[in-house]
Structure formats: C-alpha cells, structure tokens
Amino acid sequence: MINFSVKIMTTYIGVSMPPRYEPRRVEEKWQKIWAERRLFEATEAPSRPKYYVLEMFPYPSGRIHMGHVRNYSIGDVVARYKRMRGFNVLHPMGWDAFGLPAENAALARNLHPAKWTYDNIDYMRGQLKELGYSYDWPRELATCDPDYYRWEQLVFLEMFRRGLAYKKKAPVNWCPKCETVLANEQVEGGLCWRCDSEVSLKELEQWFFKITAYADELLADLDRLSHWPERVLTMQRNWIGKSTGAEILFPLKDGGDPITVFTTRQDTLWGATFMSLAPEHPLALSLAQGTSQEAAVRDFVEHWRAQDRSRGVLEELTKEGVFTGRYCRNPVTGWDMPIYVANFVLMEYGTGAVMAVPAHDQRDFEFARKYDLPIKVVIQPPGEELRAEDLQAAYEDEGTLVDSGEFTGLASAAAKEAIAAFLEKESRGRRAVHFRLRDWLISRQRYWGAPIPIIYCEKCGLVPVPAKDLPVQLPLDVQISGEGGSPLARLASFTDVPCPVCGGPGKREVDTMDTFVESSWYFLRYACADYQEGPLDKNRVDYWLPVDQYIGGIEHAVLHLLYARFFTKVLRDLGLARIDEPFTRLLTQGMVLKDGAKMAKSKGNVVDPDDMIQAYGTDTTRLFLLFAAPPERDLEWSDQGVLGGHRFLHRLWTLAQNLLPAIKEAAPYQGPGADLPAALGDFRQKVHQTIQKVTADIEDRFHFNTAIAAVMELINAFYQAAEDHSREEKAPAVFREALEAVLKLLYPIVPHITEELWENLGYNTSLQLAPWPEPQAEALVETARTVVIQINGKVRSRIVVAASMSDQHLQDAAINDPVIQKWLQGQPPKRVVVARGKLVNIVI
RNA sequence: GCCUGGGUGGCGGAACGGGUAGACGCAAGGGACUUAAAAUCCCUCGGGGUUCGCCCCGUGCCGGUUCGAGUCCGGCCCCAGGCACCA
C-alpha cells in the first residue's frame, strides 16, 4: 500500500522536499540541450512525410515584440506537435533585413544601416533563442546578405529577358516622407502603408514586374486555397478586380478612328446616349481641336492637371465635364452621341473612355441631368415599368431588355452574351476582360535594398549585368545624408562602370528593389539556404515546398501574400520550382492589444517579452498567449492572466513532483481497464477523453485555448484523484500513464517544463522524440451516462443510465422519473423525442 | 455604398451534425491554514424570485421554422477590418 496524498506532501516540510519550479533554470537547461543535440535541424528524407511550418519572418527593427511572440509561439506549437506525429518538420527563421528604417536609424544615430541591421539581428536572434522556439537555425538567412540577393538579381535578369521585368514611364505613387515611389498595394486609403503620409502622383520612369500577366491565374487559383481565411481570399479577389464585358467601337460622326470603350453592361448599349472621356485621354484635346469648344476643353483639361488628386479631395469632387464639340455614333441605334470630357472617368481603367448610359448608371445619370442630355430606358426591372422622365436615380440592376432591337425581351445575362457575340460578328467590338490589378512597381529611390542589376549605356541602351558579374554588391562606403535621392547616385565608384556589351562608359541603375521582392521567395530559399549553384536547389525545393502552414498577420493579405504567390508562379515558369501556390494553409493571427489598443511605444502600453521571460519564464508567456484567445482573434494582454498561467504551471509542477516518488518505478498502465476500480476507471477515461479533445483541437482547428482548458480540467481531476484514490493498487500505473499523457499533450505549448518533468520520470531522451498519445478505445467506453430530460424543451431532470440502454428503454426511464411524473400529472405525453441517446424531450 | 468577420456573465473566452448556455481561466465575495501576511486549498459567483425542492427571465433587436434555436431562415441595429467614381 502506498500513500502520496498531495495535501500531506505539500504541507510537510522535510528532507524529501521536492525541487521548486524555477522557470529560468529549467528553460536555459533545455535550450542548451536542444541546441547540443541539434534536435530541430531537418534533413530531407523522401521516405518520410514532410511538414513545412513557417511564420512570416520579422523585420529586424531592434527588439522582438509581443506580436512576434504570439506569432512564433503558434508556429512552434505546430512544429513540435507535427514532429511528435512523425512528420519530418521544417521550421526555419530568418530576417527581412532590407528596408527604410535602417536608413532612418542611420541618420538619427549616425550608424551605418548595415551595422544597425546586423546588431538588431544579433539581439533579436538571442531573444528568439531565449523564447525557446524550435527553429532550424543553420538555415537562418538575412535578405541583406549578398549571398541572398545575388540570386534575386539573377531572377530579375531572367524576368527581364522574358519581359516580366520592364521599365516604363507612368504616373506613380510618391511618398514625400519616404522619398520614394510605392506600388499600388502599398498605398492604403491614399496613405503610405509605412508612414501614413499622403501619397501624390508623379510621372516617372520606373521598373515594374508584370504581375498582370498572371492576373487570371492569381485569381483562379484562389479557389484552390481552401484552407485560407475567407476574408483574405475576398481581399485578393477584390484587389485583382476582374471584370468581364466587351470592348465596343463607336465610330466618329465625321470620320477618323473610332473610340473604343470597355463596358461590363453591353446589355445597355441601346441606352448609350453620350460618350465620356478621361481628361488624360489622348482624344480629349485632339477631338476638340478646331471646334468652338477647343478653348473650353483645354481649360478643363489643364484645370484637371492642376487638380489635387489626393484621395480625400477626389471623393468630394462633383461630377463635371465639358463638351468636345464632336459626336460619335451609337453603333446599334445610329444616334449621334455628344462626346464629353468628364472628371470621373479614369484613364487607368479600361480604355479611358466610357459609353454613358444615364438610365442605368448613376454617374451617367447625374451627369445627364446636369448637362441636360437624353436619358433612355432599355432595362426594365421585374414587375415594374420605368419611364425616363420619372427616374429619380439610375436603375443599375439587371432586368429585361426593352427598345433594344432584336435583343428586346432578353434577360440581361443572356443579352450580354448575345450582344457580345453580335458585336464580334459585326466587327464592332469584342468580348474583353479587364483587371483592376496594375503591374508591380518595384524600383525604390533608396539605399538599403538590393541593387537592380542593370547598366545604362549611351550606345547600347539598357544592358543587363552579366550573370557572372553578380552580385551587384550594395556598396557599404556611402554617406547617408538624408538630403533626398539615393546615396548610390552620388557614389561614382558604384555608378561608373563600363558597358558589358561595348565596353564604353556606362552608368549603373541606382534604384534598389522593393523589399517585398526579397520576402516573395525567402520561403523557397529556406529549403536550400546553403545552395551556391543557383537561387534554388530544385530537388530540395520539390521535397519541402509548398509551405504546409503559414502563419502571420492579416496586414499582408494583399501585399506580401499576393507578391509571394506571383513570384512563386514566375519561379515555376522559370523552371526553378514545380508548385503553383506557395502556402497550402494560412493562419492570420490577431493582434496583441493592451487596454484595447495595439501595443505601441507612442501609447506607452508595451509589454516587453524580455521582462516576461525574466519574471515568469517563456513557458508562462507562451501559455498565456495561447490560452487567452483563439489564434485568429485579437488578444487582450492581461497581467492577471499571465499570473493565472504561471499558477497553472506551478500546479502541474507540484503535482508531478508529489507523484514522482510513487510512480517513478511504475510502468504506465496499458489496459485493459476491466481490472480497475470504478473511480480509477473514471479518471482514466477522463485522461483519454482529454487526449482525444486536445488532439482534435490542435489538429483540426488550432484552437490551443480549448486544448489548454481541457488539460487544466484534467489536472483538476488529477488532484482530486490523487487525493481520493492513491491507495488503490493500480494507482501508480494509472497515474503514471496520466502524467505522461499530460506532459506529451502540453509539450508543444510549454516545452521546457514538460521536458524537465519527463526527465524526472526517468527518461533520457527528449520528449520531442516521444510519439503523440493516442486515445484508447477501450478507455473511452462509457459504462454509464447522464441523460437530460426536458419537458417542452426545458431541462427538468437528469438521470444516470447504463450506456447500453436503448432509446425505447431510455424513453420509459425518463417518463418514470419522479420529477417528470410530477410534471405529467398522470397525463400521457403528446410526444417524446430521444436525441442521440443523450437527451429526452417530452412534449405535454 | 459594397465585401468579409463579429456582437454570449464584471472580464478573456467555451458550447465545432439544432439537443444540458456560460467549459477553462481572470476578477470579486466568503471560509480553512498562519501570530500575521504571501503562497496554497475549499466554497459561491448571469439576473430575479424561492417554501432552498425548485420556478421565471436571459446569447444585439424584431419575427419565423422546429418537439427543441446562441446555432437555421427573413428583416433590422451596432462594432471591427478591407475596398470604394473600376464603367
């Protein structure tokens, strides 16, 4: 007979006092052991199933913040869990190391951006190691390393060769504070994504990646990303913005090239009564030439050019326009349509010319009312008859065509198809698809980025740097003056090079690449970070990719995640990878808030991970972050909550230490269960139910909060069982089985404390190498169950019955329950419903 | 305006095939231990009523379907995020 009542042990101060839980000691010990044993370094093993889990790599801004800790803790749980499930897990980490903050810091503190960046990396790497993440450190990479960006330059050259990287003059977004241009994706609500400055338009010659060549595939493949959050898919779909319609030719009344418009509503063609051109449209001025409207049009266009085109202003702008003095002809009605220049027509979208259908487009409607232009109804809504003179607003929905020649009577959808076919047959137009997505502007007028490997030669023009001359190294001997313009332009030793083709004088491109280019392929490079023969080692990339689980913030829904998808497809087409999509599953974790607001230095509500580690340890910090909310939701930081997590780990530690003397020599119970007394059997059932629940919560949903709650429940029951049933003969075996299960279930979440307790149990191999526990069917079999009895849907009683009881017997038992008898008052029930053997509803 | 989420105790959150609303934790209140405090342990903890058996109400609002609705359907309100003259 044994006795290890927890209560006695905890209050008895004697020689066998168990060791105290000292998080820092335990954590440092195990971090050292993991590193020595190289436990997390992955090698390709084609015979084993692989699992690639990745968290978005950080910008080395100086310190790891709580948002990072949350992000990486989620990833670490997945990595450790999958290893226990037998997967060959790749879990790398690196640094998104190019970027503007390095230049700003250089200015503010007179430090070289490289020095600042690498110092930050060193500090933050130390933090990540203290946090105990199971990274494959030998694969670590920093994108500012020439060994990394040289391959990016090679890919650029290949893209250039194929016309996927090109230079053009275009109106581009300019951030005055960052003193550089921005891609469309990097302008959020008219403001710079990084510094919130108002962005203006500048006409500049810039480098672009032809992402629009992949627009269709980028859109279509979203349907294959069934494990991405719906809102990210929606945001990408909106961003790509595919519109299916037709281009239609409108002949000019008095000759010349016809005007081409794009419309998605060719079913309203019979209602087109005038034409609107964008002010930038080349025809705007040329058409007006020689008419009485010439001066008016010139005024209007010039006024438009001077117009402040920042977002706020454009939104308030009223719809205005000016007649050009010329007419075109509606190709189907033959009507003369006056041609206007209108301030709401965008040159960047479609063809810059719009057929105006005032009855069925609100903008055209307002414009027509203002300038007294004809309105003609050609679409009738169901069950109603619109008349042009009564219209208060345009009818923009679909309906039935009227007054539309041979197409009258068709529904809009059918008419669109029929009219498109008709236009093609008559050579007056064609089916067409337009996208909102614009090409990706990748040049930046900044220093701390990857140089674009191009040389300008007066004789040969644009010359790619030969592959053998790569990398084009970013020179380190620059003065960061903050005077605007790239410092590279002032560095003759960098710019002045001979033309690789003719040997004559050449000048290097001084713009650098958008840092989003580096993050568009780092996840591929991790598969072969040491590869020196090219950007990617195809064998290893084919083994590891795609990333099975990607985890990061929602803020990259359109930015990084769209660029990375594009780049993956490009690399595939270059023969460097065989995947179509880089990330099979995506988890967008919520923000870490304090006092309802995002943690920020300016708000003074920052909780520093270093302080948490010092005070409570990394296990407690991880536990709190994983327990306080499901990962995709925002998480409110709570110092009290952290304390609660810490308390739980103490409880676990104390329980284990107190059980240890009695169970150390015991073998874990293995079944069959029939020989256990009822109470121990119930406890063992709880253990296996918990295994089942935790496995499902982690595997299917990543709901670590409920997984942790389930283990907490088990620990509570464990204390009770240890108190009540420790004298049973089988108790040591059952408790050992239970404790081992608890340690395994908690290991991915709090790896250090569980490793220590696992070792205390007498094991000398890492818990990481132990298999994930399986719930045993025999332990889950219920002998009795509680059944809820309702009267008219309200719970009135509960009875405990044999698990084997049939629905019919259950029904009888329910009706015979004394409480229910009282409710029935001798009347027979009208109806009885038995649900899943767990509930009986009696209708009276 | 459109799209996507979401509204559940004092708080974070559970309830994942319509079937016990509030698991787990935090805070709060009471008690045990202690000279005392901390730590720990036990009890209570949605609102109202109560003969202490229970009863009534309750998941943003209104209505519906159903034996039964936090969950499904229709209409509305509010919050967060995204897009926004895209023809």
Side-chain angles (χ1 to χ4, degrees), chain A residues 6-7 10-11 188-189 229-239 241-243 245 261-265 268 276 278 311 314-315 317 319 342-346 348-357 360-364 366 396 434-437 554-555 557-558 590 623-624 627-630 632-645 647-648 650-651 654 693 696-697 700-701 703 705-716 719 723 786-798 819 822 829-836 838-844:
Chain A
V6 172
K7 210 163 196 175
T10 49
T11 52
E188 296 172 348
E230 198 51 49
R231 60 176 172 153
V232 175
L233 296 174
T234 306
M235 282 161 77
Q236 292 217 356
R237 281 192 192 103
N238 290 342
W239 191 263
K242 181 178 182 172
S243 301
V261 306
F262 173 71
T263 181
T264 56
R265 292 301 302 272
T268 64
S276 304
R311 180 193 173 80
L314 281 184
E315 249 169 42
L317 227 52
K319 289 174 184 38
N343 65 354
F344 62 89
V345 180
L346 307 171
E348 312 87 79
Y349 187 79
T351 62
V354 182
M355 71 176 202
V357 184
H360 305 295
D361 182 287
Q362 187 57 27
R363 294 158 303 183
D364 298 340
E366 287 169 30
E396 296 188 319
H434 279 260
F435 291 92
R436 208 187 80 109
L437 181 71
I554 186 76
E555 64 272 18
V558 195
L623 180 68
F624 169 73
F627 179 61
E632 64 276 9
R633 228 188 287 188
D634 285 350
L635 180 151
E636 175 71 26
W637 183 267
S638 157
D639 291 330
Q640 302 285 3
V642 175
L643 225 47
R647 215 152 30 217
F648 170 70
H650 266 287
R651 259 168 81 73
T654 305
K693 168 138 181 73
D697 283 350
D700 306 338
R701 311 197 301 167
H703 275 204
N705 57 329
T706 51
I708 294 165
V711 181
M712 285 175 166
E713 253 186 273
L714 179 60
I715 294 290
N716 291 343
Y719 267 89
E723 180 77 19
T786 303
V787 175
V788 169
I789 311 173
Q790 299 181 328
I791 301 278
N792 293 340
K794 286 183 181 176
V795 180
R796 296 301 178 187
S797 186
R798 289 178 174 83
V819 178
K822 219 171 69 193
K830 282 192 195 140
R831 185 176 170 181
V832 181
V833 181
V834 179
R836 284 198 256 166
K838 301 276 282 182
L839 178 145
V840 181
N841 189 17
I842 298 168
V843 185
I844 57 172

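The model shown is predicted, which means the values in this text are computed figures rather than measured ones. By convention in this document, chain letters (A, B, ...) are assigned in the order of the sequence lines, proteins followed by strands, and residues within each chain are numbered from 1.
On the C1' atoms, G17(B) is 16 Å away from U66(B), given to the nearest whole Å. Comparing the same atom, C1', in C76(B) and in G25(B) gives a spacing of 36 Å after rounding to whole Å. When the C1' atom is compared between G5(B) and G58(B), the two are found 26 Å apart, to the nearest whole Å. Taking the C1' atoms as reference points, G82(B) lies 40 Å from A28(B), given to the whole Å. If you take atom C1' in A32(B) and the same atom in G22(B), they sit 29 Å apart, rounded to whole Å.
The residue among E713(A) and R647(A) whose nearest nucleotide of RNA chain B lies closer to the 5′ end is E713(A). Toward the 5′ end of RNA chain B lies the nearest nucleotide of G644(A), the other residue of the pair G644(A) and R831(A) mapping further downstream.
Taking the six-membered ring for Trp and thresholds of 30 and 60 degrees, H434(A) and F262(A) have ring planes inclined between 30 and 60 degrees apart.
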Report each atom pair, protein N/O against N/O of nucleotides 69-72 of chain B, whose distance is under 3.5 angstrom.
none

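At a threshold of 4.0 angstrom between heavy atoms, the contacts of G350(A) with the nucleic acid are absent. Note on V345(A): a base of the nucleic acid sits closer than 4.0 angstrom, heavy atoms only. Across all strands, V354(A) comes closer than 4.0 Å to base atoms (heavy-atom distances). At a threshold of 4.0 angstrom between heavy atoms, the contacts of N716(A) are confined to the sugar-phosphate backbone, with no base atom among them.
Taking the ring pair (Phe, Tyr, Trp, His ring centres under 6.0 Å) definition, one finds that Y349(A) meets it with nothing, sequence neighbours left out. With sequence neighbours left out, E713(A) forms a salt bridge (charged side-chain N to carboxylate O under 4.0 Å, His left out) with K686(A).
Between the base of C67(B) and the side chain of K830(A) there is no donor-acceptor pair shorter than 3.5 Å. For N841(A) against C67(B), a side-chain N or O and a base N or O form a donor-acceptor pair under 3.5 Å.
Between A39(B) and R651(A), no contact under 4.0 Å exists linking OP1 or OP2 to a side-chain N or O.
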- Indicate for each nucleotide in nucleotides 44-50 of chain B, in 5' to 3' sequence, whether protein heavy atoms under 4.0 Å reach the base (B), only the sugar-phosphate (S), or nothing (-). -------

- Query: What string of B, S and - do you get for nucleotides 4-14 of chain B, 5' to 3', when a contact is any protein heavy atom under 4.0 Å?
  - Reply: S-------BSS

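Taking a pair as Watson-Crick or G-U with both hydrogen-bonding distances under 3.5 Å, the stems of three or more pairs touching RNA chain B are B:1-7 with B:77-83, B:10-12 with B:24-26, B:28-32 with B:40-44, B:46-49 with B:54-57, B:60-64 with B:72-76.
The side chain of W239(A) sits closest to C83(B) out of A23(B), C83(B), C67(B).
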